[in-house]
Amino acid sequence: CGQCEGAYVIVDRYRYGCATNKDRGDAACSNRIKVARTILETKLLAGIKSELLSEKAYRLFEEEVRGILKDQHPDPRQAKQEIAKAQAEIDNIMQAIRQGIITPSTKQALEYAEAKLASAQQKLKEIQAWQPTQILPRAREIYRSLVQKLEHIQDVISAREAIKAIVGEIELQPKDGELWAEINQGGLAALSKITVVAGAGFEPTTFGL
């Protein structure tokens, strides 16, 4: 609530209202304007989506994805250790063969060690060829899809905090019987002001509760 800085909450099945006014009355906050859930959620989500689909918001998403992918880059050290171990086994077996120590299991042991070496070498090759940029060509498409499905997200609390960090905090300001949605500067700064007159969805204090 832009008047008392309390939360705007669901006050009944269909509407949002100021929690301070609902719980503590006009003395604590005189903002009694209620707004239909469908109107408020549709209007605000449209504004939030517009901001999140901006180039600046996408660049923040892309930067975050690159950071995550960089942190998850596989470590080549284990593959190198496996290569060294398999090569040592092969060298030992070949040394034994040169010394005439040949048993029925020698060939099998050599083939097994060679298979481990080949597997480790392939693993190292894949790690060295791995680049985050190879995973990003569809990032814009994926991001747009996530934004468009925002209202269907399951983890609402995490989503709310993430959006707040990018877009900023939204205040609902009562003005002359109307309710205006205004942005408090956040990561992107400029959500356009949204207003709906009482008759088109925001309910004056004489209605309802």
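We number each residue from 1, following the sequence as shown. Atoms considered below: every heavy atom in the structure, side chains included; atoms not considered: hydrogens, waters and symmetry mates.
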At what distance, to the nearest 0.5 angstrom, does [atom1] of [X] lie from [atom2] of [Y]?
X: Gln81; Y: Arg77; atom1: CD; atom2: CZ; answer: 8.0 Å
X: Met94; Y: Asn92; atom1: CE; atom2: CG; answer: 11.5 Å
X: Lys85; Y: Leu117; atom1: NZ; atom2: CG; answer: 13.0 Å
X: Leu60; Y: Glu55; atom1: CG; atom2: CD; answer: 10.5 Å
X: Leu110; Y: Ile93; atom1: CG; atom2: CD1; answer: 5.0 Å
X: Arg59; Y: Glu62; atom1: CZ; atom2: CD; answer: 5.0 Å

Applying side-chain hydrogen bond (donor to acceptor under 3.5 Å, both in side chains), can you list everything that pairs with [X], at least two apart in sequence or on another chain?
X: Gln173; answer: Glu171
X: Lys116; answer: Glu89
X: Gln122; answer: Glu126
X: Glu114; answer: none

Please determine whether side-chain contact (heavy atoms from CB on, under 4.5 Å) holds for the pair Gln87 and Ile90, giving the CA-CA distance in whole Å, both sets of side-chain angles, and the decisive distance to 0.1 Å. CA-CA 5 Å; Gln87 187 61 60; Ile90 292 173; 4.2 Å; yes
Side chain proximity check, Lys80 to Ile127, heavy atoms < 4.5 angstrom: no
Verify the neighbour count for atom [atom1] of [X]: are there more than 12 heavy atoms of other residues, nucleotides or ligands below 6.0 Å?
X: Gln148; atom1: CD; answer: yes
X: Arg98; atom1: CZ; answer: yes
X: Tyr112; atom1: OH; answer: no

Donor-acceptor pairs under 3.5 Å, side chain of residues 1-8 to any protein atom, not counting sequence neighbours: which ones?
from: Gln3; atom 1: NE2; to: Ser30; atom 2: OG; distance (Å): 2.5
from: Tyr8; atom 1: OH; to: Asn31; atom 2: ND2; distance (Å): 3.2
from: Tyr8; atom 1: OH; to: Ile33; atom 2: O; distance (Å): 2.9

Looking at Glu178 and Lys175, does any basic side-chain N land under 4.0 Å from a carboxylate oxygen? no
Not counting sequence neighbours, which residues clear salt bridge (charged side-chain N to carboxylate O under 4.0 Å, His left out) with Glu63? List them please.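 Per chain and number, Glu63 pairs via salt bridge (charged side-chain N to carboxylate O under 4.0 Å, His left out) with no residue.
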Distance-minimising heavy-atom pair for [X] and [Y]:
X: Arg15; Y: Arg37; value: N-CG, 3.7 Å
X: Asn21; Y: Cys29; value: ND2-O, 2.7 Å
X: Leu124; Y: Pro76; value: CD1-CB, 3.7 Å
X: Ile10; Y: Asp12; value: CG2-O, 2.9 Å

Determine whether a donor-acceptor pair (N or O, by modelled atom type, separation under 3.5 Å) exists between the side chain of Lys34 and the backbone of Arg32. yes
